[in-house]
Amino acid sequence: MMTFKKYFAAMLLAASTQAFAIPTLSVSALPAPVVSGGKLDLAVKISDITDLYGYQFTLSFDAALLKANSFTEGAFLSGAGTTFSDGGTIDNATGTISFVFNTLVGAGPGASGSGELGLFSFDTFGNGNAALTFSDVLFLDANLNEIAVVAEGSSVQVVPEPESFLLVGIGLLAAGVVRRRQLAARG
């Protein structure tokens, strides 16, 4: 009888426990990797959020590889009603876009689910991995209570133009031919 009670209690506990996902703020780059000298679109996304009424964040990027150009509001929050947003202050010298924000206007519930908060457009130059990080993250529900969000940083690989690879390959081939001729002349 005692074993039955333990199993029954365990089943009740398992049935009453819900799996809650923590909302996650992330970025998605297109194309990835991106060719140096090309354009990069960086989508900022939220997943698994409930009752989002407003948010703000600062996005930091590698100013040696990326130059921010513009911001376009995503469809996620505006799907819940009229919004007021700002794409933040772009500082390409320090590699920051400060205090990007968006909020619903008027009373009503916030947006729930997953979607795109905004899209940043960048020019690329140089070669390497460009780190992307969030700071000053604040998400609020319709009652203006803070929503705990995990902010995931990322990176974007900026690669040389294909023509650069071709030139390096031709240079290596020419060096090999010269070396063979030198060896043939000796022997």
Side-chain angles (χ1 to χ4, degrees), residues 18-126 128-158:
Q18 296 180 11
F20 291 102
I22 296 175
T24 304
L25 179 65
S26 62
V27 292
S28 175
L30 289 172
V34 63
V35 174
S36 181
K39 300 284 186 192
L40 170 70
D41 287 328
L42 187 68
V44 176
K45 299 179 177 185
I46 190 70
S47 62
D48 302 319
I49 197 156
T50 302
D51 195 27
L52 175 61
Y53 192 81
Y55 66 84
Q56 81 168 28
F57 61 83
T58 294
L59 178 67
S60 297
F61 58 92
D62 189 338
L65 299 173
L66 302 174
K67 178 186 173 212
N69 293 320
S70 64
F71 171 79
T72 305
E73 179 183 358
F76 180 70
L77 193 58
S78 63
T82 304
T83 60
F84 176 70
S85 69
D86 188 289
T89 303
I90 296 173
D91 185 347
N92 282 310
T94 61
T96 57
I97 304 171
S98 301
F99 300 108
V100 176
F101 74 86
N102 196 359
T103 184
L104 289 167
V105 177
S112 295
S114 300
E116 188 173 296
L117 298 176
L119 183 71
F120 291 96
S121 176
F122 289 87
D123 290 327
T124 63
F125 48 94
N129 284 325
L132 303 162
T133 58
F134 292 103
S135 60
D136 305 317
V137 176
L138 178 64
F139 281 69
L140 300 174
D141 66 16
N143 294 317
L144 302 182
N145 295 314
E146 189 170 347
I147 302 171
V149 173
V150 173
E152 291 182 348
S154 185
S155 67
V156 174
Q157 186 177 12
V158 182

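Both backbone and side-chain heavy atoms feed into the values below; hydrogens, waters and symmetry mates do not.
Checked against the 6.0 Å centroid threshold, Tyr55 and Phe101 do not count as a close aromatic pair.
The shortest side-chain heavy-atom distance between Leu25 and Phe139 falls under the 4.5 Å cut-off. With a 4.5 Å cut-off on side-chain heavy atoms, Leu52 and Leu104 do not count as touching. Contact of the Phe122 side chain with the Asn69 side chain is not registered, since no non-hydrogen atoms from C-beta on lie closer than 4.5 Å. Using a 4.5 Å heavy-atom cutoff, the side chains of Val156 and Asn129 are not in contact. Looking at Phe57 and Asp136, their side chains never come closer than 4.5 Å, going by heavy atoms from C-beta outward. Considering only heavy atoms from C-beta on, Val44 comes within 4.5 Å of Phe120 through its side chain. The side-chain heavy atoms of Ser28 and Leu42, taken from C-beta on, include no pair separated by under 4.5 Å. Residues Glu146 and Leu138 form a side-chain contact, since some pair of their non-hydrogen atoms from C-beta on lies under 4.5 Å apart.
In terms of the ring-ring contact (aromatic ring centres under 6.0 Å, His included) criterion, Phe125 has no residue partners (sequence neighbours excluded).
Summarising the geometry of Gly110 relative to Ala142, their closest heavy-atom pair is N-CB, 4.1 Å, with the distance given to 0.1 Å. Nearest approach of Val137 to Ala151, heavy atoms of both residues: CG2-CB, 4.2 Å. Taking both residues in full, the closest heavy atoms of Val158 and Gly126 are given as CG1-O, 3.2 Å, listed atom of the first, atom of the second, then distance. The shortest heavy-atom contact between Thr83 and Ser78 is CG2-CA, 3.6 Å. In this structure, Ala43 and Glu116 approach most closely via the heavy-atom pair CB-OE1, 3.6 Å.
Between the OG atom of Ser85 and the CD atom of Gln56 there is a distance of 13.5 Å, given to the nearest 0.5 Å. Between atom CG of residue Leu66 and atom OG of residue Ser121 there is a gap of 11.0 Å, rounded to the nearest 0.5 Å. Summarising the geometry, atom CG belonging to Leu40 is positioned 7.0 Å from atom OG1 belonging to Thr124; distances are rounded to the nearest 0.5 Å. To the nearest 0.5 Å, atoms CD1 (Ile49) and OG1 (Thr24) are separated by 9.5 Å. Between atom CG of residue Leu119 and atom OG of residue Ser70 there is a gap of 7.5 Å, rounded to the nearest 0.5 Å. To the nearest 0.5 Å, atoms NZ (Lys67) and CG (Asp62) are separated by 15.5 Å.
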Exercise. Please walk me through it: do Lys39 and Asp123 pass side chain to side chain contact (heavy atoms under 4.5 Å, CB included)?
Worked result: CA-CA 5 Å; Lys39 300 284 186 192; Asp123 290 327; 2.5 Å; yes
Problem set entry | Worked check of side chain to side chain contact (heavy atoms under 4.5 Å, CB included) between Thr58 and Phe99 | CA-CA 5 Å; Thr58 294; Phe99 300 108; 4.2 Å; yes
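Thr94 and Thr96 share a side-chain donor-acceptor pair at under 3.5 Å. A donor-acceptor contact closer than 3.5 angstrom links the side chains of Asn102 and Glu73.
Remark: the backbone N or O of Asp48 is paired with a side-chain donor or acceptor of Ser114 at under 3.5 angstrom. With hydrogens and angles ignored, the 3.5 Å screen pairs a side-chain donor or acceptor of Ser112 with a backbone N or O of Asp51. Although no hydrogens or angles enter the test, the distance criterion places a donor-acceptor pair under 3.5 Å between the side chain of Asp141 and the main chain of Asn145.
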